[in-house]
**Q** 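Sharing a structure, written as structure tokens. Questions coming.
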Amino acid sequence: MLRRALPRRPEARRLLVGTLLSAIGRGLTLPFLFIYLTDVRGLTDTRAGLVIGWYGAVTLALSPLGGTLIDRFGARRVVLPCLVIEAVGTGSLALVDSSASAFAVMTVIAVGSSAIWSGQNTILASLTDDGERQRVFGLNFALLNLGIGIGGMTSGAIVDTGRLGTFQVIYLLDAVTYLLPALILLTLPGVGHRLGNPRGVDEPSAGGYLTVLRDRPFRRLVIFGLILTTCGYAQVEVGFAAYAVRVVEVNPRVVAWALAANTVMIVLAQLLVIRRIEGRSRTRALAVVGAVFATAWLVLGAGGLVSGESALFAALCVVACSAIFGFGETMLSPVMPALTNALATDELRGRYNAMSSMIFGISGVIGPVTAGPLIGAANGMVWVATVVGGCLVASLVALSLRRLLSTEQDGLATTASASPTPVPA
């Protein structure tokens, strides 16, 4: 299955190695930023939250500009400097000693990260055809989670809130890992250049974000993504953790086990899922994702109902919720970017990918803000009902998208296209 999921072109394979290496560095620091800013550097919880929120706001604001630059100059000229900026910013976190310096450093990191994801997706899409693109994006997601898991386990054995140097080491290592994909891209001089043909003086513009938003199928896909991620991904960091600790009343260590179960599920199931969904309807797969996410939240809600009667069963519900959610991610991660790039044109591919990545940024602002008040109402049952209902609504939106797509865009012609066309004698 791994051999089948690998892209045909060696350039794409080398870029996937870069994804794995940078993800290891990301895993070193991902779980500890809030702890580092508060327990090690002495910022208050409120200021640390504002610093992290500022990073998300700046990233979201700059993402459209990143997509425009990718289309105009090519992903290579955008991703390379962004990786260097990200490395400088991440390494500078080791030197943060005040709120002002934290805001400044997180601004630098946000500038770097604003176009990396959309740029790398654009490059991968340019190196793969529609028949293999879904498999490659799924493998990319599996490698990303594998790297984060390796990095998280490594840093967990290193960091100590009583020793500043342990945190400085992991941030410096994270900075180095951002330079590795940049070095790999430098060894591929023919990769990541502008995809659209240069226009003459009298030729009309290929359009901008208004043209992207006029694309009715893509607009429907964006609506689906906003609903699903707001009631799905955006609830993991705040809603899931808060409900598990305050309503289900499990130890925070159980939440850590649940996140580990999520990573294990993704790494083990991703290749199998890629194989099973190949040649099948992408819109139906997205509808199944909504149903799987809804099931995960229902399992978590069941844990809240029995928390006072069986602590063990409640803890198992928390872990099972995260694992089921991870299974849904293994279907979403290959299908969403593959469908986005099936709808995109070469001239606007950077903007399409930037708009797709903005979905997570927008929902990342809405989800955490709404999770707290909803969990505080009716012992969390209002929150459970809201996120379950939202995921099911997203499934209906995905099913409505099918009639707007061609057979090839929906992924149904992938296997048929592999057979040779008969040639007349």
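For this chain, numbers begin at 1 and follow the sequence in order. Quantities reported herein were computed from a predicted structural model and do not represent experimental measurements.
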**Q** For residues 212-221, which side-chain N or O atoms pair as donor and acceptor with protein atoms under 3.5 Å away, sequence neighbours left out?
**A**
{"from": "Asp215", "atom 1": "OD2", "to": "Tyr352", "atom 2": "OH", "distance (Å)": "2.7"}
{"from": "Arg219", "atom 1": "NH1", "to": "Leu213", "atom 2": "O", "distance (Å)": "2.8"}
{"from": "Arg220", "atom 1": "NH1", "to": "Ser400", "atom 2": "OG", "distance (Å)": "2.9"}

**Q** After noting the C-alpha distance and the side-chain angles of Arg13 and Val17, does the key distance pass the side-chain contact (heavy atoms from CB on, under 4.5 Å) rule?
**A** CA-CA 7 Å; Arg13 297 185 182 192; Val17 173; 5.9 Å; no
**Q** Will you find, in the side chains of Asp160 and Thr166, an N or O donor that is under 3.5 Å from an N or O acceptor?
**A** no
**Q** Leu124 pairs by side-chain contact (heavy atoms from CB on, under 4.5 Å) with which of Thr19, Asn341, Val136?
**A**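 That would be Val136; it is the only one of Thr19, Asn341, Val136 passing the side-chain contact (heavy atoms from CB on, under 4.5 Å) with Leu124.
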**Q** Hey, could you give me the CD1/CE distance between Ile24 and Met153, rounded to the nearest 0.5 Å?
**A** 10.0 Å
**Q** Measuring only between side-chain heavy atoms, which start at C-beta, is Leu405 closer than 4.5 Å to Leu339?
**A**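 Yes, close enough: below the 4.5 Å cut-off.
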**Q** Just jot down the ring-ring contact (aromatic ring centres under 6.0 Å, His included) partners of Phe360, sequence neighbours excluded, or say none.
**A**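 Here the qualifying residues are Tyr233.
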**Q** Quick one: OG1 on Thr229 to CZ on Phe224, what's the gap to the nearest 0.5 Å?
**A** 9.0 Å
**Q** Kindly indicate whether the side chain of Val169, heavy atoms from C-beta on, has any atom under 4.5 Å from the side chain of Leu172.
**A** no
**Q** Can you check whether Leu185 reaches Arg14 side chain to side chain, under 4.5 Å on heavy atoms?
**A**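 Heavy-atom side-chain distance check fails, nothing below 4.5 Å.
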**Q** Nearest 0.5 Å, please: how far is CG in Asn140 from CG in Leu143?
**A**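 Result: 6.5 Å between the selected atoms.
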**Q** With distance as the sole criterion, is a donor-acceptor pair present between the side chains of Tyr36 and Thr29 under 3.5 Å?
**A** no
**Q** Holding to side-chain contact (heavy atoms from CB on, under 4.5 Å), I want the full list of residues that pass it with Val58, two or more places apart in sequence or in another chain.
**A** Trp54, Leu62, Ala110
**Q** One pair to check against side chain to side chain donor-acceptor pair (under 3.5 Å): Gln270 and Asn145. What are the steps and the verdict?
**A** CA-CA 10 Å; Gln270 184 69 81; Asn145 280 273; over 6 Å; no
**Q** Tell me, do Asn262 and Ile266 make a side-chain contact under 4.5 Å, heavy atoms counted?
**A** yes
**Q** More than 12 foreign heavy atoms under 6.0 Å from CZ of Arg284: is that the case here?
**A** no
**Q** If I take atom CD from residue Gln134 and atom OG1 from residue Thr128, how far apart are they, to the nearest 0.5 angstrom?
**A**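 These two atoms lie 11.0 Å from each other.
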**Q** Check salt bridge (Lys or Arg N to Asp or Glu O under 4.0 Å) between Arg9 and all other residues, then give those that pass, not counting sequence neighbours.
**A**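 So Arg9 forms a salt bridge (Lys or Arg N to Asp or Glu O under 4.0 Å) with Glu11.
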**Q** Please determine whether side-chain contact (heavy atoms from CB on, under 4.5 Å) holds for the pair Phe327 and Val273, giving the CA-CA distance in whole Å, both sets of side-chain angles, and the decisive distance to 0.1 Å.
**A** CA-CA 9 Å; Phe327 181 73; Val273 169; 3.8 Å; yes
**Q** Tell me, with the steps shown, if Asp129 and Arg8 meet side-chain contact (heavy atoms from CB on, under 4.5 Å).
**A** CA-CA 10 Å; Asp129 57 42; Arg8 299 186 188 95; 2.9 Å; yes
**Q** Is any side-chain heavy atom of Ile70 closer than 4.5 Å to one of Ser118?
**A**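 A side-chain contact exists here, since the closest heavy-atom pair is under 4.5 Å.
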**Q** We want to know whether Thr283 and Asp410 form a side-chain donor-acceptor pair, criterion being a heavy-atom distance below 3.5 angstrom.
**A** yes
**Q** Which residues pass the side-chain contact (heavy atoms from CB on, under 4.5 Å) test with Tyr209, not counting sequence neighbours?
**A**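 Scan of Tyr209 (side-chain contact (heavy atoms from CB on, under 4.5 Å), adjacent residues dropped) gives Pro64, Thr68, Arg351, Ala354, Met355.
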**Q** Looking at Val387, Thr386, Ile366, which hits side-chain contact (heavy atoms from CB on, under 4.5 Å) with Thr230?
**A**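 With Thr230 as partner, side-chain contact (heavy atoms from CB on, under 4.5 Å) holds for just one option, Ile366.
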**Q** Using the ring centroid of each side chain, check whether Phe240 and Phe325 are separated by less than 6.0 Å.
**A**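 No; Phe325 has its ring centre 6.0 Å or more from that of Phe240.
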**Q** Tell me whether Arg135 contacts the main-chain N or O of Gly131 through its side chain, where contact means a donor paired with an acceptor under 3.5 Å.
**A**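 Flag set: sc Arg135 to bb Gly131 pair under 3.5 Å.
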**Q** Whether the Gln235 and Trp297 side chains hold a donor-acceptor pair (N or O, under 3.5 Å, no angle test) is what I'd like checked.
**A** no
**Q** Tell me, please, which residues at least two apart from Val105 pass side-chain contact (heavy atoms from CB on, under 4.5 Å).
**A**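 side-chain contact (heavy atoms from CB on, under 4.5 Å) check on Val105 returns Ser92, Leu93, Val96, Ile109.
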